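Beneath this line is the structure, given in structure tokens, with notes to follow.
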Amino acid sequence: VTIAALDALARAAPGPTLDAALRWIVAGCMTQALARDIEQAATRIHDLVAAVKRFTYMDSVAGPEPVDVTVGLRDTVRVLAAKARERAAGVTLDVAPGLPRAHAIGSELNQVWLNLLDNALDAVAASGRVTLSARLETDRVVVRVVDDGPGIPPDVLPRIFDPFFTTKPPGQGTGLGLEITRQLVRQSNGDIAVQSRPGHTEFRVSLPAERPAP
Ligand SMILES: Nc1ncnc2c1ncn2[C@@H]1O[C@H](COP(=O)(O)OP(=O)(O)O)[C@@H](O)[C@H]1O
Ligand SMILES: [Mg+2]
């Protein structure tokens, strides 16, 4: 709808006809804008449901299989995007090109990334940064979750994998995240290690890489 078109309309349709025509045009424009909004919202919902479905491996049997770690990390970032936004935290995903798949249990791995990213987001202050990275080291796929939060005090560090150990207020922490995480990593024949100092806390998960077909 342009000014020129409206001028032409005003000349062609005088008085009450013009009034009715304008109302009709406004209603048409609003309907179009609403339809566009609905389409965008539906696309977002579709993307999120697809991410959650992939995330939970709803369609597959549990057992070690070749797992594209990149997809799981990306879905995890998507699933926790709202929490990151709430904290005004930046989340970066950095995957080495040509990363081979890991031989692991996909659905369980996603719980691992979720727990680690969740903790990192709890730790960082506003406008803090969390980086998830993945690369091949010899024959292992190594994923790191690094945050620039205050770090884990040395007296707390030996206890973080204990069941029910939490430093968070009641209702916020269960203290089960890392205990479960460690079990899940072990079920995929992986290892988890942590190192922390103020401004740099790093959880490192190493998993067997898929052996290329002979
Ligand atoms: N990235 C992190 N930075 C600082 N502290 C952490 C981090 N990750 C874990 N922790 C510490 O480890 C504790 C246990 O974590 P977890 O098992 O996930 O339980 P919860 O998150 O419910 O407290 C947390 O309460 C916190 O003190
Ligand atoms: Mg936790």
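Note that ligands are numbered from 1 as they come in the structure, with each ligand's atoms numbered from 1 the same way. Quick caveat, the model's predicted, so the values are computed rather than measured.
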Decide, yes or no, whether a salt bridge links [X] with [Y] under the criterion of side-chain N to carboxylate O below 4.0 Å.
X	Y	answer
Asp122	Lys83	yes
Asp47	Arg78	no
Asp19	Arg23	yes

- [ ] Please round to the nearest 0.5 Å and tell me the distance separating atom OG of Ser133 and atom CG of Leu99.
- [x] 10.0 Å
For [atom], closest protein heavy-atom neighbour:
atom	value
atom 21 (O) of ligand 1	Lys168 NZ, 2.6 Å
atom 17 (O) of ligand 1	Leu178 N, 2.8 Å
atom 1 (N) of ligand 1	Asp147 OD2, 2.8 Å
atom 10 (N) of ligand 1	Ile152 CD1, 4.2 Å
atom 26 (C) of ligand 1	Thr167 OG1, 3.4 Å
atom 12 (O) of ligand 1	Ile160 CG2, 3.3 Å
atom 3 (N) of ligand 1	Ala123 CB, 3.3 Å

- [ ] Pick out which of Arg182, Arg140, Arg186, Arg204 makes a salt bridge (Lys or Arg N to Asp or Glu O under 4.0 Å) with Asp191.
- [x]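 In the set Arg182, Arg140, Arg186, Arg204, the residue that makes a salt bridge (Lys or Arg N to Asp or Glu O under 4.0 Å) with Asp191 is Arg140.
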Task: Within-4.5 Å side-chain heavy-atom neighbours: Thr181 and Asn119 - done: no
Taking distance alone, with N or O pairs closer than 3.5 Å, would you say [X] contacts ligand 1?
X	result
Thr166	yes
Gly175	yes
Asn119	yes

Open item on the list: Within ligand 1, which atoms have a heavy atom of Gly173 less than 4.0 Å away?
Closed with: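 Matching atoms, with element in brackets: 22 (O).
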- [ ] Check each atom of ligand 1 against the heavy atoms of Phe165 and keep those under 4.0 Å away; list them by number with element.
- [x] 14 (C)
Does ligand 1 have an atom that lies less than 4.0 angstrom from a heavy atom of [X]?
X	answer
Gly149	no
Thr174	yes
Phe161	no

Open item on the list: Is it the case that the side chains of Gln183 and Gln187 hold a donor-acceptor pair, with the cut-off being a distance below 3.5 Å and no angle test?
Closed with: no
TODO: Could you point out which residue of Leu116, Asp162, Asn115 forms a side chain to side chain contact (heavy atoms under 4.5 Å, CB included) with Leu178?
DONE: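 Testing each of Leu116, Asp162, Asn115 against Leu178, the sole residue satisfying side chain to side chain contact (heavy atoms under 4.5 Å, CB included) is Leu116.
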Open item on the list: Tell me whether Leu73 shares a hydrophobic cluster with Val205, the cluster being built from Ile, Leu, Val, Met, Phe, Trp, Tyr side chains joined at under 4.5 Å.
Closed with: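 Yes; Val205 is reachable from Leu73 via cluster members.
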TODO: Could you tell me whether the Mg ion (ligand 2) has an N, O or S atom of Thr174 under 2.8 Å away?
DONE: no
TODO: For Ile3, look at atom CD1 and say whether over 12 heavy atoms of other residues, nucleotides or ligands are found less than 6.0 Å away.
DONE: no
